[in-house]
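So the structure is just underneath, and the comments pick up after that.
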Amino acid sequence: MRRHDNYGKFAIYQLFFNIAIMIASPFFIVYMKQNLNFSYSLIIIISMSSSLFYLMFSSLAGKISDKYGNLNLMYVANICFVASPLLWLVWNNPFYLIIVPQLVAGLGNAALVLATTNFTYDAVSPQKRGICVAYTNILIGIGAFIGSIAGGLLYYYVYSKIVL
């Protein structure tokens with residue numbers, strides 16, 4: 001990773017990607033409970049729908065990867081991860097939240113997981129694959145931690161000051 005080869009750059013990308021994702025991700029549940037007044041059962045259904053769409057789109061992601069390549073699959077994932085929270089701004093109906101933003105998030109997750117796995121197999125030799133994946137997962141954890149802390153600070157210093 002010190003050599004800044006393709007996989008090293010990809011690992012750094014994963015760090016920043018997870019920082020960006022985790023700034024807002026913890027607050028979707030809070031938004032559904034406090035602002036939309038959804039029941040816990042409805043929150044669970046909406047949250048789980050993304051996982052179901054992930055399972056449904058995994059084979060489609062494989063076909064896209066085979067036909068267009070992993071880089072284009074990564075573009076699909078990035079577009080989906082940008083679009084999903086923006087779609088939450090449009091609807092507050094639980095049915096539409098399941099059908100549109102969660103569907104897009106499920107497609108993005110399927111594309112990201114497959115593209116990441118395929119890129120790792122292509123870019124790293126089998127002898128170094130374990131250590132590279134371990135370093136990448138450490139960076140992903142650091143990104144999730146930094147993003148969550150940043151999101152919490154934004155909530156505390158921006159949102160709580162406006163509402164209160």
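The model shown is predicted, which means the values in this text are computed figures rather than measured ones. Numbering of residues begins at 1 and proceeds along the displayed sequence.
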Same apolar cluster (I L V M F W Y, side chains within < 4.5 Å links), Ile79/Val82:
no
Check the hydrophobic clustering (I, L, V, M, F, W, Y; side-chain heavy atoms under 4.5 Å; chains of links allowed) and say if Ile45 and Phe38 are grouped together.
yes
Would one find more than 12 heavy atoms of other residues, nucleotides or ligands at under 6.0 Å from atom OH of Tyr31?
yes
Judged by atom type as modelled, is there a donor-acceptor pair below 3.5 Å linking the side chain of Ser58 to the main-chain atoms of Tyr54?
yes
Taking all non-hydrogen atoms of both residues, which atom of Ser65 and which atom of Asn118 are closest, and how far apart?
OG-ND2, 3.3 Å
Rounded to the nearest 0.5 Å, how far does OG1 of Thr136 lie from CD1 of Ile12?
9.0 Å
Measure across Ser25 and Ile21 and return the closest heavy-atom pair with its distance rounded to 0.1 Å.
OG-O, 2.7 Å
Examine Met48 and Leu52 and state if one hydrophobic cluster contains both, with Ile, Leu, Val, Met, Phe, Trp and Tyr joined whenever side-chain heavy atoms are less than 4.5 Å apart.
no
Would a 4.5 Å heavy-atom cut-off, applied to side chains only, mark Thr116 and Met74 as touching?
yes
Could you tell me the separation between the CG atom of Leu15 and the CD1 atom of Ile146, rounded to the nearest 0.5 Å?
6.0 Å
Side-chain heavy-atom pair Thr120, Tyr7 within 4.5 angstrom cut-off
yes
Nearest 0.5 Å, please: how far is NZ in Lys33 from CG in Leu42?
10.0 Å
Roughly how far, to the nearest 0.5 Å, is the CD1 atom of Ile23 from the CD1 atom of Ile149?
11.5 Å
Decide whether Phe16 and Ile140 are clustered together by the hydrophobic rule: side chain heavy atoms of Ile, Leu, Val, Met, Phe, Trp, Tyr closer than 4.5 Å, transitively.
no
Can you confirm if the aromatic rings of Phe17 and Tyr13 lie within a centre distance of less than 6.0 Å?
yes
What orientation do Phe57 and Phe53 show, parallel under 30°, tilted 30 to 60°, or perpendicular over 60°?
parallel
Under 4.5 Å between side-chain heavy atoms, hopping through other hydrophobics if needed: is there a path connecting Phe27 to Trp88?
no
Measuring from atom CD1 of Ile19 to atom CG of Leu139, what distance do you get when rounded to the nearest 0.5 angstrom?
9.5 Å
Run the side-chain contact (heavy atoms from CB on, under 4.5 Å) test on Met32 and Ser47 for me, step by step, so that the C-alpha distance in whole Å, both residues' side-chain angles and the decisive distance to 0.1 Å come before the verdict.
CA-CA 10 Å; Met32 285 188 277; Ser47 299; 4.0 Å; yes
Side-chain donor-acceptor pairs under 3.5 Å in residues 94-114, sequence neighbours left out?
from	atom 1	to	atom 2	distance (Å)
Gln102	NE2	Ile46	O	2.7
Asn109	ND2	Ala105	O	3.3

So do Ile64 and Asn72 actually touch side chain to side chain, heavy atoms under 4.5 Å?
no
With a 3.5 Å distance limit and no angle check, can you tell me whether Ser84 reaches the backbone of Cys80 through a side-chain donor-acceptor pair?
no
Any chance you could pull the hydrophobic cluster mates of Tyr121, using side-chain heavy atoms under 4.5 angstrom and chaining through other members?
none
